[in-house]
Amino acid sequence: MAVSLAPESQPMLDSIYRLFRDYFDRAEKKRRWSIRDDIPWQQCNRSLNPAIADVVETFCAVELYLPDYLSKLLPQVRANRGRAWFLANWGYEESKHSMALEDWLLKSGMRTDEQVADLHSEVFSHEWDLPYDSALGMLCMTTFQEVATQVHYANLRRVVQREGGCPALEQALLFVAVDEAAHADFFRRLLTLYLEHDRPATLEQIRHVANTFRMPAVYMLADSRKRVNEVRDLDVFNESIFYGSVVEPILRKLGVTRRELRQRRPRETVMPLGFTNMKP
Ligand SMILES: [Fe+2]
Ligand SMILES: [Fe+2]
């Protein structure tokens, strides 16, 4: 039986809005970047390992589901100004990620206009649905997702450097990874507020999401198994990275121990998850 979340009080809503304003003010001051002007597009490495372009295309596809993410997440929080305004800003930032990755695929010569158009058609032929039906469940999921996404981009950038480098792609991945780190930080802070507000209900959602998490949307693509294997083969992401760089840091920063997660549902196994759970 699910523990239902206590309704957010006005002071709680005020705290969330302040969290958003801090995030927004910092983003305006320190984190805005221009796809057109801040990436050295004339320095594309056109002979980079094609496997890297495959992974860039996969990440681009995940980012392209933005209309579904926004249209389904916003109604859950429309009366919660801090969360709703955050999503508006988040959507703007996420929209840049698919555009930057797509521009690199085209400018590097790794993909043609037709291939990119095919990718769009494939993405928009399937609608992404919310994997969790509560706003709190989705908050837990997006916290895991943003940390995982940051790790994906940072690791891919290291792989690009290892494979001979591409100044344009490295700069794009750096901008995107920094954005993802900021998203992850916001969601983690938000989750901390919810833990203070209603610890049992929030712990239950964290436990549920930790046991069932998978990266959004990749499994919806026709050749998802191949795409997941490419990510794994380049050492961009795998199960041990998921535990060590996503699950453990999140729980540590939230001040939640595995023991505390286990205590409430002793028969549940904790966190057998990640990329292995993706459906073909
Ligand atoms: Fe993104
Ligand atoms: Fe993000």
Side-chain angles (χ1 to χ4, degrees), residues 19-20 22-24 26-28 30-35 38-39 52 55-74 76-77 82-105 116 119-120 123-124 128 130-132 135 138-157 160 169-191 209 213-221 227 231 236-237 241-242 245-246 249-250 253 274-275:
L19 192 62
F20 161 69
D22 287 347
Y23 169 92
F24 180 76
R26 213 166 330 151
E28 292 283 89
K30 299 194 167 166
R31 207 162 42 75
R32 297 302 180 218
W33 53 279
S34 161
I35 298 175
D38 295 334
I39 295 173
I52 290 175
V55 172
V56 170
E57 184 188 76
T58 297
F59 293 176
C60 184
V62 174
E63 300 275 3
L64 280 170
Y65 279 94
L66 181 62
D68 290 340
Y69 303 145
L70 274 178
S71 63
K72 304 194 181 198
L73 290 169
L74 256 174
Q76 287 189 325
V77 297
R83 291 189 68 178
W85 260 238
F86 173 81
L87 280 176
N89 184 84
W90 175 86
Y92 155 71
E93 295 181 6
E94 296 292 1
S95 75
K96 290 164 72 179
H97 300 172
S98 60
M99 288 190 278
L101 298 177
E102 184 177 309
D103 284 1
W104 180 81
L105 286 168
V116 167
L119 183 68
H120 284 214
V123 165
F124 296 122
W128 178 82
L130 296 176
Y132 305 98
M138 286 309 301
L139 168 59
C140 296
M141 189 243 164
T142 42
T143 305
F144 279 90
Q145 178 200 323
E146 294 288 355
V147 177
T149 309
Q150 177 208 347
V151 171
H152 278 78
Y153 284 118
N155 285 349
L156 180 60
R157 186 164 177 268
V160 174
L169 182 56
E170 287 171 51
Q171 185 60 64
L173 291 172
L174 180 61
F175 283 135
V176 174
V178 169
D179 281 356
E180 305 295 11
H183 300 165
D185 186 64
F186 174 84
F187 283 119
R188 255 189 326 248
R189 288 171 192 271
L190 189 52
L191 208 43
V209 172
F213 176 85
R214 56 187 181 179
M215 288 297 283
V218 176
Y219 58 91
M220 293 164 64
L221 301 167
R227 288 178 185 276
V231 169
V236 171
F237 205 76
I241 294 173
F242 184 77
S245 301
V246 179
I250 289 175
K253 283 183 180 159
F275 261 50

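Whatever order the structure lists ligands and atoms in, that order sets their numbers, starting from 1.
In summary, His97 places no N/O/S atom under 2.8 Å from the Fe ion (ligand 2), failing the contact criterion. With a cut-off of 2.8 Å, the Fe ion (ligand 2) has an N, O or S atom of Glu94 in range. The distance from the Fe ion (ligand 2) to the nearest N/O/S atom of Glu180 is under 2.8 Å. Taking 2.8 Å as the threshold, Asp179 does not count as a candidate ligand of the Fe ion (ligand 1), since none of its N, O or S atoms lies below it.
Ring geometry for Tyr23 versus His183: interplanar angle of 30 to 60°, hence tilted. Using cut-offs of 30° and 60° for the angle between ring planes, the Phe86 and Phe186 rings count as parallel. Classification of the Tyr69-Tyr65 ring pair by plane angle, with boundaries at 30° and 60°, yields tilted. Ring geometry, Trp90 versus Phe187: the interplanar angle exceeds 60°, so the pair is classed perpendicular (tilted spans 30 to 60°).
Judged by distance alone, the side chains of His152 and Glu180 never bring a donor and an acceptor atom under 3.5 Å apart.
Residue-level check: among N/O/S atoms of Glu146, OE1 sits closest to the Fe ion (ligand 2). His183 has its closest N, O or S atom to the Fe ion (ligand 2) at the position named ND1. Taking the Fe ion (ligand 1) as reference, the nearest N/O/S atom within Glu63 carries the name OE2.
Taking the ring axis of Trp128 as reference, the NZ or CZ atom of Lys72 does not stay both within 45° of it and closer than 6.0 Å to the ring centre.
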